Amino acid sequence: MVGELAPALNGSALASFRDAFRGPIVLPTDDGYDDARRVWNGMIDRRPALIARAIDVADIASAVRFGREKDLPIAVRSGGHSLPGLSTCDDGIVIDVSRLTGATVDPERRTARVNGGALLGELDDAAQAYGLACPVGVVSHTGVAGLTLGGGVGRLQRKLGLTIDNLRAVELVTADGRQVRASAEENADLFWGLRGAGWNFGIATGFEFDLHPVGPNLTRVLLIHPFSAAPELFAFFRDFAATAPWEISGLVTTFHALPAEDFPPEVAGQLVAAISVTYCGRPEDADRDLAPLTAYGKPVVARVQPQQMAWGHRVYAKSVYVDSAPESLIGALVDEASAMPTGGSAFIGALGGAIASVPEDATAYTGRSAAFEVGVDCTWDDPALDADFVSWARTAMKGIEPYRTTGVYANSLGDAGEDVARAIYGDAKYERLRALKRTWDPDNVFRLNQNIRP
Ligand SMILES: Cc1cc2nc3c(=O)[nH]c(=O)nc-3n(C[C@H](O)[C@H](O)[C@H](O)COP(=O)(O)OP(=O)(O)OC[C@H]3O[C@@H](n4cnc5c(N)ncnc54)[C@H](O)[C@@H]3O)c2cc1C
């Protein structure tokens with residue numbers, strides 16, 4: 001669809017921006033506009049005034065200056081996977097850094113340098129070429145930038161720590177267009193804030209990570225039980241996770257066994273309960289360490305399942321961190337799951353291990369001592385069902401609210417706003433982040449994120 005040019009972009013303003021900016025600029029009047037504005041979550045349908053597709057750091061700096069001069073809302077986009085659609089906007093400028101791809105590995109030092117628009121798959125592939133890995137997320141088309149700046153939770157984290165625990169340095173363009181580097185030695189305060197609330201302080205153009213020997217094969221196990229076993233299965237997983245080796249990460253969850261042809265007749269199309277774990281230790285130890293799980297109950301299905309989370313579906317998610325998961329919490333969650341619409345899931349995921357071995361104050365990420373993440377997520381396609389899914393998810397999580405501890409994983413939330421940001425960081429860290437925001441972005445130029453108000 002061909003749209004109109006925003007008034008701020010008429011006349012010579014756009015022409016002089018075009019002179020300064022070397023990458024493509026996509027306007028509502030251009031044919032490629034609808035493709036360029038599309039983000040991962042199909043619920044998000046925003047119409048930016050322009051999309052500036054940076055090809056280098058200088059482009060990013062000039063786009064920030066242009067957005068500020070024209071007083072346009074500025075959205076920053078990397079992998080485009082933000083659940084609440086924080087990497088796009090109506091009537092503003094999207095600074096799209098997704099062309100700044102690439103990851104290079106130094107196998108001797110076991111480090112990687114990753115450009116600000118790279119996807120997880122690039123980092124994984126570059127590192128695995130040397131038998132190395134950085135603990136990042138589970139889906140290869142997620143952006144390194146958005147994930148890392150919020151913490152980074154995945155299948156290796158109980159063993160190797162959060163993504164930010166393996167972050168050595170970040171290069172970024174700040175709100176006043178400067179290029180700055182932050183690490184434990186340079187701008188250490190900024191580095192603290194970048195590790196958990198990082199989207200607030202600038203546009204990351206490069207990351208340096210530590211790598212570890214991992215793989216090439218991990219053991220993944222999916223054990224599907226009938227839904228009637230859910231209360232016992234959830235309690236069993238809770239107890240197992242409390243003492244499980246750090247090499248094991250995963251969750252206990254519920255979902256509808258669809259597409260039906262992928263499941264045996266006794267559960268096809270039905271609501272089921274399942275344990276899904278990944279083991280990153282030595283393959284020869286996997287059977288021993290996973291034995292308590294594989295020996296438990298009578299799973300209907302036991303297999304490895306690939307991850308599939310394609311672009312364009314409508315998605316909503318909500319979760320909290322808890323210190324423990326008593327029977328009453330499990331009962332409330334399983335009750336809600338029994339009434340959930342097809343496409344929903346309710347889960348308890350294991351945290352702890354190396355995540356909890358870093359002191360709470362070491363980074364802006366909040367909730368290191370939490371034992372579990374408890375949450376719901378929903379995927380559907382029909383816009384007429386938006387209200388059903390969102391209201392089911394919100395109601396389900398209301399019942400879990402009394403059990404929550406300080407902290408929520410910022411990247412797994414479908415909502416944003418000041419109250420959400422306060423819940424993510426807790427009052428004390430939120431105030432420390434505000435002070436940092438006043439130093440680095442006092443005008444709140446970077447506000448389309450889990451925003452810290454200066
Ligand atoms: C399919 C899927 C799987 C996921 N799996 C995991 C997982 O395993 N582990 C996990 O921890 N999270 C996971 N997530 C959540 C994910 O971490 C967040 O959605 C994250 O924000 C995605 O980053 P992005 O770069 O793709 O997103 P974008 O939508 O591009 O950006 C997200 C936020 O980061 C900001 N941002 C983007 N690029 C930059 C930059 N270069 N500098 C500064 N700010 C920037 C944006 O402004 C926005 O606020 C998953 C999400 C999806 C959709």
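This is a predicted model, so every value here is computed, not measured. No hydrogens, no waters, no symmetry mates; every other heavy atom, side chains included, goes into these values. Whatever order the structure lists ligands and atoms in, that order sets their numbers, starting from 1.
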>> Salt bridge check, Asp56 against Arg99: does any charged N sit closer than 4.0 Å to a carboxylate O?
In response: no
>> Is there a polar contact, in the sense of an N or O pair closer than 3.5 Å, between His81 and ligand 1?
In response: yes
>> Measuring from non-hydrogen atoms of Tyr409 to any atom of ligand 1, is the shortest distance under 4.0 Å?
In response: yes
> Are any of the N/O atoms in Trp40 less than 3.5 Å from those in ligand 1?
Replying inline: no
> Is the shortest distance from a heavy atom of Gly198 to ligand 1 less than 4.0 Å?
Replying inline: no
> Has ligand 1 got any nitrogen or oxygen that is less than 3.5 angstrom from a nitrogen or oxygen of Ala145?
Replying inline: no
> Between Gly146 and ligand 1, is there a nitrogen or oxygen pair with a distance under 3.5 Å?
Replying inline: yes
> Tell me, which pairs form a ring-ring contact (aromatic ring centres under 6.0 Å, His included) where one or both residues lie in residues 47-78, sequence neighbours left out?
Replying inline: Phe17-Phe66
> Does Leu448 approach ligand 1 within less than 4.0 angstrom via side chain, backbone, both or neither, non-hydrogen atoms only?
Replying inline: backbone
> Any N or O of Gly80 that comes nearer than 3.5 Å to an N or O of ligand 1?
Replying inline: yes
>> Check contact between Gly154 and ligand 1, using heavy atoms of the residue and a distance below 4.0 angstrom.
In response: no
> Below 3.5 angstrom, do we get any N/O pair linking Gly137 and ligand 1?
Replying inline: no
> Using 4.0 Å as the upper bound for N to carboxylate O, is an ion pair formed by Glu247 and Arg282?
Replying inline: no
>> I'd like to know if Arg47 and Asp90 make a salt bridge, using a cut-off of under 4.0 Å between side-chain N and carboxylate O.
In response: no
> Does Arg38 come within less than 4.0 Å of Asp45, counting only side-chain N to carboxylate O?
Replying inline: no
>> Could you work out, with salt bridge (Lys or Arg N to Asp or Glu O under 4.0 Å) as the rule, every residue matching Arg178, not counting sequence neighbours?
In response: Asp176
> Any nitrogen or oxygen of Arg77, main chain or side chain, under 3.5 Å from a nitrogen or oxygen of ligand 1?
Replying inline: no
> Looking only at N/O atoms, are Ile203 and ligand 1 under 3.5 Å apart anywhere?
Replying inline: no
>> Evaluate Arg432 against Tyr425 for side chain to side chain donor-acceptor pair (under 3.5 Å), listing each step before the verdict.
In response: CA-CA 10 Å; Arg432 182 170 170 186; Tyr425 303 105; over 6 Å; no
>> Quick check on Lys437: does its NZ atom have over 12 non-hydrogen neighbours (other residues, nucleotides or ligands) under 6.0 Å away?
In response: yes
